[in-house]
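A short write-up of the structure that comes next.
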Number of protein chains: 2
Amino acid sequence: MNIKTLSPSPEASTQDASATQRAYLAIRRMIVVGELPPGEKLKIDSLRSMLDTGASPIREALSLLTSDQLVERIDQRGFRTAATSLENFEEILALRCSLEDMALRQSIANASEQWEESLVLSHHRMVRESRDNIERFEERHKAFHMALLDNCGSSILLRFCSQLYDLNIRYRYLAGKSLNYQKKRDVSKEHEDILNAAIERNADLASERLLNHYRQTGAFLTGLFSTASEQR
Amino acid sequence: MNIKTLSPSPEASTQDASATQRAYLAIRRMIVVGELPPGEKLKIDSLRSMLDTGASPIREALSLLTSDQLVERIDQRGFRTAATSLENFEEILALRCSLEDMALRQSIANASEQWEESLVLSHHRMVRESRDNIERFEERHKAFHMALLDNCGSSILLRFCSQLYDLNIRYRYLAGKSLNYQKKRDVSKEHEDILNAAIERNADLASERLLNHYRQTGAFLTGLFSTASEQR
DNA sequence: TTTCAATAAAATATCGATTTTTTATATATA
DNA sequence: TATATATAAAAAATCGATATTTTATTGAAA
């Protein structure tokens with residue numbers, strides 16, 4: 001089988017795409033990573049000069065981000081990055097668990113050899129990337145998790161899951177350095193276990209492992225978040 | 001209790017909103033209602049003159065509609081209305097059933113007197129509107145269905161449900177006149193039964209009735225759609 | 001004929017300037 | 001001192017023109 005057809009390489013972005021597309025990806029990255037903090041006013045002009053482009057691409061990009069729920073738009077009053085809160089985080093986590101459970105089970109129900117192989121491949125790519133470049137790793141990490149769901153047969157559901165993933169990962173970045181904790185937990189092992197359960201087509205086990213994986217990180221972040229809020 | 005605080009009146013739109021907002025609502029309406037058929041190229045210039053506004057508001061509106069999945073954007077190649085297909089319809093229906101089931105159960109779990117009252121009110125408004133102006137009725141119809149879910153406590157889930165509702169209703173409009181069938185089925189009765197089960201806080205019954213309500217219309221539309229496709 | 005390349009037309013995407021709206025500041029009034 | 005009102009500054013929203021890209025057309029070569 002041709003690897004190329006199995007899954008497109010993660011590159012191929014930002015090259016000669018439209019200014020709107022570039023702006024979209026750049027701003028999105030900045031929000032997810034936390035370079036643009038939650039609740040921050042997004043001034044067209046600042047972004048315009050920052051990304052060295054016109055107002056139209058910026059505005060279009062922000063409009064797109066609005067539906068990703070990473071940006072809030074107030075008519076006539078501009079844009080700002082979405083606020084964060086403990087409640088919001090918990091809402092995202094809970095919904096994510098429900099939807100990913102659903103998608104994973106459907107994926108496994110539709111399991112095929114090709115899907116299996118794409119899982120192994122995306123897992124491998126994630127493992128190989130590890131450690132040095134965190135953003136790059138997160139990209140592969142997402143790719144692996146999405147690959148688990150990719151076979152569910154509903155592109156809309158996938159889209160929702162992808163959105164929720166990004167909303168969630170934003171909180172991980174916000175927690176930032178504290179995440180050294182992650183090393184105590186053996187996350188790699190958890191990934192392997194999920195992968196194996198999926199390949200064995202054991203939906204209950206795979207789902208259980210996946211949700212535990214999320215909930216553990218979730219509980220930790222929740223703790224962080226509430227202590228952080230109390231400090232103010 | 002003050003009615004005003006219970007639920008905002010459905011009006012208050014399109015007045016002195018921004019050109020973008022007006023364009024968004026107008027184009028969205030045209031797509032949902034079918035005035036802009038599925039798969040149709042959306043030329044900026046046509047829309048510009050049609051809505052008597054500049055290119056920027058149009059483009060922003062289309063960007064927003066992209067994430068509603070009512071419009072597809074092909075980078076550098078413009079926008080078109082989302083295509084329709086039997087598979088797409090069934091995907092929407094299935095996902096809608098899953099998510100609304102989830103939301104309705106949570107709504108009922110969180111049931112409160114105020115929620116109960118908002119249900120009764122939105123139901124009443126729908127019943128009063130009936131028959132003459134179809135678009136107006138559909139607005140109320142959506143309001144009622146969303147009111148059922150509104151108490152679920154997750155604004156993101158609500159948003160997803162709302163999106164799916166619009167995607168679905170589009171198919172109802174496409175089916176068009178054939179919907180006289182709806183009169184044979186006693187839809188009003190179905191609505192009442194759902195309302196009553198919700199008010200009695202019987203989650204299983206309410207959910208069962210709600211999903212049946214959707215699936216019956218769904219099965220009918222599926223039939224229509226497949227015969228229509230065969231004719232080509 | 002079919003295929004290809006060059007050109008012309010159309011449409012998208014982008015820019016820079018202008019208008020409108022909001023927000024901040026200063027001034028007057030109760 | 002607090003409240004309201006007028007003014008100035010800043011920012012958002014919009015427009016019209018230009019640049020870029022895609023799509024359609026034409027004519028030549030295989």
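Remember, it's a predicted structure, so these values are computed and weren't measured experimentally. Below, chains carry the letters A, B, ... as their sequence lines are ordered, and counting in each starts from 1.
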With sequence neighbours excluded, residues passing salt bridge (charged side-chain N to carboxylate O under 4.0 Å, His left out) with A:E90: none

Partners meeting side-chain hydrogen bond (donor to acceptor under 3.5 Å, both in side chains) with B:R73 (sequence neighbours left out): A:E60, B:S63

How many Å lie between CD on B:E60 and C1' on C:dT14, as a whole number? 14 Å

Value in whole Å for how far the C1' atom of C:dA13 lies from CD of A:Q21: 13 Å

Rounded to 10°, the helix from C:dT1-D:dA30 to C:dA30-D:dT1 deviates from straight, judged by its five-pair end axes, by 20°

Pairs meeting criterion salt bridge (charged side-chain N to carboxylate O under 4.0 Å, His left out) with involvement of residues 75-87 of chain B, two or more places apart: none

Please table the atom pairs, donor to acceptor, closer than 3.5 Å between any side-chain atom in residues 34-46 of chain B and protein atoms at least two apart or in another chain.
| unit_1 | atom_1 | unit_2 | atom_2 | d |
| --- | --- | --- | --- | --- |
| B:E35 | OE2 | B:R29 | NH2 | 2.5 |
| B:D45 | OD1 | B:R48 | NE | 3.4 |

Partners meeting salt bridge (charged side-chain N to carboxylate O under 4.0 Å, His left out) with A:E91 (sequence neighbours left out): none

Do the side chains of B:F220 and B:R215 get nearer than 4.5 Å, heavy atoms only? no

A:N110 side chain to A:Q106 backbone, donor-acceptor under 3.5 Å: yes

Of residues 68-81 of chain B, the positions that come close to DNA chain D - non-hydrogen atoms, cut-off under 4.0 Å: B:Q76, B:R77

Whole angstroms only, please: what is the CZ-C1' distance between A:R22 and C:dA13? 11 Å

Going 5' to 3' along DNA chain D, which are the first and last nucleotides with any atom under 4.0 Å from a heavy atom of chain A? D:dA11 to D:dT14

B:Y171 and B:N88: side chain donor to acceptor below 3.5 Å: yes

Taking only side-chain N and O atoms of A:S18, does any of them lie within less than 4.0 angstrom of OP1 or OP2 on C:dT12? no

Can you find a side chain N or O atom of B:R59 that sits less than 4.0 Å from OP1 or OP2 on C:dA13? yes

I want to check one thing: is the phosphate of C:dC15, taken as OP1 and OP2, less than 4.0 Å away from some side-chain N or O of A:T53? yes

Do the ring centers of B:H124 and B:F144 come within less than 6.0 Å of each other? no

Quick one: label A:S56 by what it contacts on the DNA or RNA (base, sugar-phosphate, nothing), any heavy atom closer than 4.0 Å. base

Going by heavy atoms in the side chains, are B:E100 and B:M146 under 4.5 Å from each other? no

Which residues pass the side-chain hydrogen bond (donor to acceptor under 3.5 Å, both in side chains) test with A:D101, sequence neighbours left out? A:R105, A:S207

Positions of residues 40-50 of chain A (non-hydrogen atom under 4.0 Å from DNA chain D), listed by number: A:K41, A:L42, A:K43, A:I44

The criterion is side-chain hydrogen bond (donor to acceptor under 3.5 Å, both in side chains); which residues satisfy it with B:R28, sequence neighbours excluded? B:Y24, B:D68, B:D166

For B:R170, give me all partners under salt bridge (charged side-chain N to carboxylate O under 4.0 Å, His left out), at least two apart in sequence or on another chain. none

